[in-house]
Amino acid sequence: MNPEPVNWLAVIAATISGFVLGGLWYSQLLFGKTWMKAAEMTDEKVRSANMIKTYGCAFIFMLIAAVNLGYFLASPAIQAADGALYGFLTGFGWMFMGVGVIALFEQKSWPYIFINGGYWVVTMTVMGLIIGAWK
C-alpha cells in the first residue's frame, strides 16, 4: 500500500485554525466564563500556569491531530465537503465521545462536556474542510 502524500501546508493551516478557534471558543466572547466554572478554573490558576509549556504542547498535540486527519483525507478524491464531513465525524464520533467518557468518570458537568466536546467537533470539521479543500 502506498499512501497518498499529505499536503503539509494544509496540515499547518489546519493546525493554526485549531488554535484560532480555541482562542475564540474559550474566550469571554463565547464560552470562557462557563468553561472556567465547569472546569473549576480560577484566574489565579490560569495566571500560575507555564504558558510556554501549555501553548507549546498544545500546538504539538494539535499538529499531530492535523497530521493524522491529513493522512485520512489525503486521497485526491476527497474534496472540501467530504473533508468537512469526515472532520465532523472524527470530532463528534471520536473526540466528543472521548471527552464525554472521561468527563463522566471525572464527574464533570454537562456544560463541561458540551463546551470541550463541541470545540473538537467544530475544530475537526474546520480542519477537515481545510485539508479536503486544499489539493
Side-chain angles (χ1 to χ4, degrees):
M1 179 174 115
N2 293 325
E4 297 289 338
V6 172
N7 181 337
W8 294 104
L9 291 176
V11 165
I12 296 298
T15 301
I16 293 168
S17 77
F19 254 73
V20 171
L21 283 167
L24 181 61
W25 194 266
Y26 292 99
S27 75
Q28 299 302 319
L29 294 173
L30 290 179
F31 304 108
K33 280 185 174 179
T34 306
W35 172 79
M36 283 189 67
K37 182 179 176 185
E40 300 171 356
M41 294 291 289
T42 63
D43 289 332
E44 182 179 302
K45 192 171 182 180
V46 171
R47 282 192 301 272
S48 71
N50 179 341
M51 291 311 221
I52 293 172
K53 176 183 169 186
T54 300
Y55 281 99
C57 288
F59 184 83
I60 291 168
F61 294 170
M62 188 72 68
L63 177 61
I64 291 168
V67 168
N68 184 61
L69 193 60
Y71 275 104
F72 277 107
L73 303 179
S75 169
I78 302 290
Q79 299 299 313
D82 304 312
L85 173 63
Y86 297 143
F88 170 80
L89 294 172
T90 300
F92 181 72
W94 289 335
M95 300 181 93
F96 187 102
M97 297 306 149
V99 166
V101 167
I102 291 168
L104 288 171
F105 281 97
E106 292 176 341
Q107 299 181 12
K108 297 292 187 183
S109 66
W110 286 105
Y112 178 91
I113 293 170
F114 283 110
I115 291 168
N116 289 314
Y119 164 72
W120 283 111
V121 172
V122 172
T123 295
M124 295 307 285
T125 302
V126 170
M127 289 172 88
L129 175 68
I130 290 168
I131 295 168
W134 197 339
K135 298 291 178 183

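These values consider heavy atoms only, across backbone and side chains, with no hydrogens, waters or symmetry-generated copies.
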Quick check for you: to the nearest 0.5 Å, what is the distance between Thr123 atom OG1 and Leu21 atom CG? 4.5 Å
Between Met41 and Val46, the two heavy atoms sitting closest are CE-CG2, 3.7 Å
Only one of Trp120, Phe88, Phe114 forms a ring-ring contact (aromatic ring centres under 6.0 Å, His included) with Phe96, so which one is it? Phe114
Identify the two heavy atoms, one from Ala38 and one from Lys108, that lie closest to each other, and give their separation to 0.1 Å. O-CD, 4.2 Å
Provide the closest heavy-atom pair for Met36 versus Thr42 in the form atom of the first, atom of the second, distance. CE-C, 3.5 Å
Determine whether a donor-acceptor pair (N or O, by modelled atom type, separation under 3.5 Å) exists between the side chain of Asn116 and the backbone of Val99. no
Given the rule in the side-chain contact (heavy atoms from CB on, under 4.5 Å) test, do Leu30 and Leu24 qualify, once you have shown the distances and angles that lead to the verdict? CA-CA 7 Å; Leu30 290 179; Leu24 181 61; 3.7 Å; yes
Would you confirm whether Tyr112, through its side chain, and Lys37, through its main-chain N or O, come within 3.5 Å as a donor-acceptor pair? no
Under 3.5 Å, is there a donor-acceptor pair between the side chain of Thr54 and the main chain of Met51? no
Could you check whether any side-chain N or O of Ser17 sits under 3.5 Å from a backbone N or O of Ala14, counting only pairs where one atom can act as donor and the other as acceptor? yes
Over 12 non-hydrogen atoms of neighbours within 6.0 angstrom of CD in Glu106: yes
Spacing of Met124 atom CE and Tyr119 atom OH [to the nearest 0.5 Å]: 9.5 Å
Given the rule in the side-chain contact (heavy atoms from CB on, under 4.5 Å) test, do Val67 and Trp8 qualify, once you have shown the distances and angles that lead to the verdict? CA-CA 8 Å; Val67 168; Trp8 294 104; 3.5 Å; yes
Give a yes or no answer on whether the side chain of Lys135 reaches the backbone of Ser75 with a donor-acceptor pair at less than 3.5 Å. yes
In the single-linkage hydrophobic clustering (I, L, V, M, F, W, Y; side-chain heavy atoms under 4.5 Å), do Trp35 and Leu29 co-cluster? yes
Heavy atoms only: give me the nearest Ile113-Ala103 pair and the separation to one decimal. CG1-CB, 3.4 Å
Flag if over 12 foreign heavy atoms under 6.0 Å of CD, Glu44: no
Distance col, row Ser48:OG vs Asp43:CG, nearest 0.5 angstrom, shows 11.0 Å
From Leu129 CG over to Asp82 CG, what is the distance, rounded to the nearest 0.5 angstrom? 11.0 Å
Walk me through whether Val11 and Ile130 qualify under side-chain contact (heavy atoms from CB on, under 4.5 Å). CA-CA 8 Å; Val11 165; Ile130 290 168; over 6 Å; no
Return the CG to CD1 distance between Leu73 and Ile131, rounded to the nearest 0.5 Å. 6.0 Å
Within one Ile-Leu-Val-Met-Phe-Trp-Tyr cluster: Tyr26 and Trp110, side-chain cutoff 4.5 Å: yes
For Trp134 and Ala10, which heavy atoms make the closest approach, and how far apart are they? CE3-CA, 3.4 Å
Answer yes if Leu9 and Phe19 sit in the same cluster of Ile, Leu, Val, Met, Phe, Trp and Tyr residues linked by side chain heavy atoms under 4.5 Å apart, and no otherwise. yes
How close do Met127 and Met62 get, counting heavy atoms only, and between which atoms? CE-O, 4.0 Å
Is it true that Val122 and Met97 fall in one hydrophobic cluster, defined by side-chain heavy atoms closer than 4.5 Å? yes
Ring centres under 6.0 Å, that's the criterion: do Phe31 and Trp25 meet it? yes
State the CZ-CD1 distance between Phe59 and Ile64, to the nearest 0.5 angstrom. 11.0 Å
Is there a side-chain contact (heavy atoms from CB on, under 4.5 Å) between Thr125 and Phe92? Walk through the geometry before answering. CA-CA 9 Å; Thr125 302; Phe92 181 72; over 6 Å; no
Is there a chain of hydrophobic side chains (I, L, V, M, F, W, Y, each step under 4.5 Å between heavy atoms) that links Trp94 to Ile102? no
